[in-house]
There are 2 protein chains.
Amino acid sequence: METLSRKQREISDRERQILALARPILVHEGYQALSMDRLAAQMEYAKGTLYNHFPNKEEIVAALAIESLELRRKMFERASLLSPISRHRMMAIGCACDLYTQECAEHFAVEQMLRNSVIWQKSSEKRQVLIQQCEMRAMSVVAGVVRDAVAAGDLTVPEHMSAEELVFGFWSLTYGSHALIASSPSLSEVGVNDPVRSIRYHGWTLMNGYQWKPFISFDETESLMHQLGERIFGDEPN
Amino acid sequence: METLSRKQREISDRERQILALARPILVHEGYQALSMDRLAAQMEYAKGTLYNHFPNKEEIVAALAIESLELRRKMFERASLLSPISRHRMMAIGCACDLYTQECAEHFAVEQMLRNSVIWQKSSEKRQVLIQQCEMRAMSVVAGVVRDAVAAGDLTVPEHMSAEELVFGFWSLTYGSHALIASSPSLSEVGVNDPVRSIRYHGWTLMNGYQWKPFISFDETESLMHQLGERIFGDEPN
DNA sequence: CCTATATTTTGACGCAGCGTCAACTTTTGT
DNA sequence: ACAAAAGTTGACGCTGCGTCAAAATATAGG
């Protein structure tokens, strides 16, 4: 009984070992560089053993992506609790996005890979459901902030638009900018010198467009976001 | 001399043949499905001959992406000329984006592939420059509209922000939304039912945030954009 | 402790796809 | 007509994925 559980612990540990080993390869050398043979060699296990844990290479990437999505969701939740003022809470979430893509660039990179068809298609139903749930929970955190703002009278969501659709605008803005920053060959060549600051400004302007109260000047926004940012990685950086 | 040019025509025709054959495979069956062996077989040429035209598979994708970027740039240019009113011109460009991703979904899909590291890295310097130029020209069309708006007194670009950085906001918003629509597993599951309309609304709100004159109601915006859309594919749908 | 059964590990193997290159064919120039 | 240049070919080497029968190890009963 004891030996069984020891063996089983050994096996489940190995799953985390595989992921821990795979992540840096994936992040620093790209999807191509991650090969099952190489992974097996570095693990000092045979390739077949890897395939006992993951049915194919894509599942490994998907598993890593889930870890990353979880991290982002946690950051969102933390961020959304940093203030009682709805507009500040939304700003904190924006701040979390910035931090996530900058300080946890590896995680963002892995998340991006998941969006590239092949991996998504080949990953198991089970994991696809997990991923969707993760996205839904992140969305509901932000939509919750919007609903609270409406309830508090800070914001009016246009009729025929759901809270989620309002969130979708901010999501597109921040996601789009970070995706472009990561993938557009030399943004500065086309005249965009400080894309992150620009997007904070656009986000601020969009909030103003929706007349999200209380109004704050952009300078105040900047310093407030800086403060909020410091509090997002609180006790546990994980 | 005549035979030479016949031969040379034959060769340069083949390049277009390759691309024409590759595109549907790439679009409908994905990057994985596009193999050099298969392409050679369908071309009824030996694989080596393909490699006389393109040094590797990635270059073929890059070449296709350039065609797509060119199409988008042309649509932008057309769109930007449809009205004398700066705000309408910007709306027309937004409309061009929507049309591009919807009616020319294959092109958008190929463009997306280029953003996924591997292809970009392995494509030749020459093509990388071409791609950058294409992006720059598209950007300068839109930035031109912004500058005209400023000159006409319709718009004030915030100090410390360039026209390009202002464009970057709209670019992020539309690019982000289309990327999410294409890649996010079931947006409607998370509560976003009409993402395209939502983004048009967000774009409209962002313009209002920048007080881009003349103000138009959203309903007017919708019908105007519909009209503009019909005029973007004018004489030559290419 | 031994043996039978279940579980886990292994790595050689089949297969597919990329890119190469020496041999072969066609075109060009004289 | 012939030699040199240009173009074409497909077999080959290599890498990487995923499989599976055989070997190793663990579990359980006597």
Side-chain angles (χ1 to χ4, degrees), chain A residues 1-19 21-22 25-26 29-64 113 116-124 127, chain B residues 1-19 21-22 25-26 29-64 113 116-124 127:
Chain A
M1 211 76 267
E2 186 136 15
T3 0
L4 174 135
S5 71
R6 181 177 62 76
K7 182 70 184 174
Q8 291 196 332
R9 245 181 294 122
E10 205 179 278
I11 290 178
S12 85
D13 267 359
R14 202 157 49 216
E15 189 149 323
R16 292 170 44 231
Q17 244 182 80
I18 295 171
L19 294 179
L21 213 48
I25 299 177
L26 194 62
E29 303 178 59
Y31 182 72
Q32 302 290 330
L34 182 70
S35 90
M36 296 302 265
D37 288 274
R38 180 179 169 183
L39 209 50
Q42 269 185 42
M43 286 271 299
E44 296 186 315
Y45 276 105
K47 198 164 34 151
T49 305
L50 287 192
Y51 280 92
N52 281 347
H53 293 276
F54 298 96
N56 53 52
K57 185 175 150 181
E58 284 75 18
E59 279 279 287
I60 295 182
V61 181
L64 287 171
M113 287 183 195
N116 225 341
S117 50
V118 196
I119 294 165
W120 173 260
Q121 282 164 0
K122 289 194 76 174
S123 64
S124 66
R127 249 179 254 275
Chain B
M1 214 72 270
E2 186 136 16
T3 1
L4 174 135
S5 71
R6 182 176 61 78
K7 183 70 182 172
Q8 292 198 329
R9 246 182 292 122
E10 198 179 313
I11 290 177
S12 84
D13 267 357
R14 203 157 48 214
E15 191 149 322
R16 293 172 40 230
Q17 243 181 82
I18 295 171
L19 294 179
L21 214 46
I25 299 176
L26 194 62
E29 303 178 58
Y31 182 72
Q32 302 290 330
L34 181 70
S35 89
M36 296 302 265
D37 288 274
R38 179 178 169 182
L39 209 50
Q42 269 185 44
M43 286 273 299
E44 296 185 316
Y45 276 105
K47 200 163 35 150
T49 305
L50 287 193
Y51 281 92
N52 281 347
H53 293 276
F54 299 96
N56 53 50
K57 186 176 150 180
E58 284 74 18
E59 279 279 287
I60 294 181
V61 181
L64 287 171
M113 288 183 195
N116 224 335
S117 49
V118 197
I119 294 164
W120 173 261
Q121 282 163 2
K122 289 193 77 174
S123 65
S124 65
R127 249 179 255 273

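We use all heavy atoms of the structure for the numbers below, so side chains are in, but hydrogens, waters and symmetry mates are not. Throughout, a chain's letter reflects where its sequence line sits, starting with A, and its residues are numbered from 1.
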Could you tell me how far apart [X] ([atom1]) and [N] ([atom2]) are, to the nearest whole angstrom?
X: B:L50; N: C:dT20; atom1: CG; atom2: C1'; result: 14 Å
X: A:H53; N: D:dC17; atom1: NE2; atom2: C1'; result: 18 Å
X: B:E44; N: D:dT9; atom1: CD; atom2: C1'; result: 15 Å
X: A:D13; N: C:dT8; atom1: CG; atom2: P; result: 15 Å
X: A:E29; N: D:dT15; atom1: CD; atom2: C1'; result: 16 Å

Partner residues of [X] under the side chain to side chain donor-acceptor pair (under 3.5 Å) criterion, sequence neighbours left out:
X: A:S35; answer: none
X: A:E15; answer: none
X: B:T49; answer: none

Who passes side chain to side chain contact (heavy atoms under 4.5 Å, CB included) against B:A41, sequence neighbours left out?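 B:A41 satisfies side chain to side chain contact (heavy atoms under 4.5 Å, CB included) with no residue once adjacent residues are dropped.
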Do you know which two heavy atoms are closest between A:A62 and A:R127, and how far apart they sit? CB-CD, 3.8 Å
Can you tabulate the close N/O pairs, meaning under 3.5 Å, that link protein atoms to atoms of nucleotides 16-18 of chain C?
unit_1: C:dC18; atom_1: OP1; unit_2: B:L34; atom_2: O; d: 3.4
unit_1: C:dC18; atom_1: OP1; unit_2: B:K57; atom_2: NZ; d: 3.3
unit_1: C:dC18; atom_1: OP2; unit_2: B:M36; atom_2: N; d: 2.8

Enumerate the salt bridge (charged side-chain N to carboxylate O under 4.0 Å, His left out) contacts for residues 44-54 of chain B, please, sequence neighbours excluded, ordered by first and then second residue. B:D37-B:K47
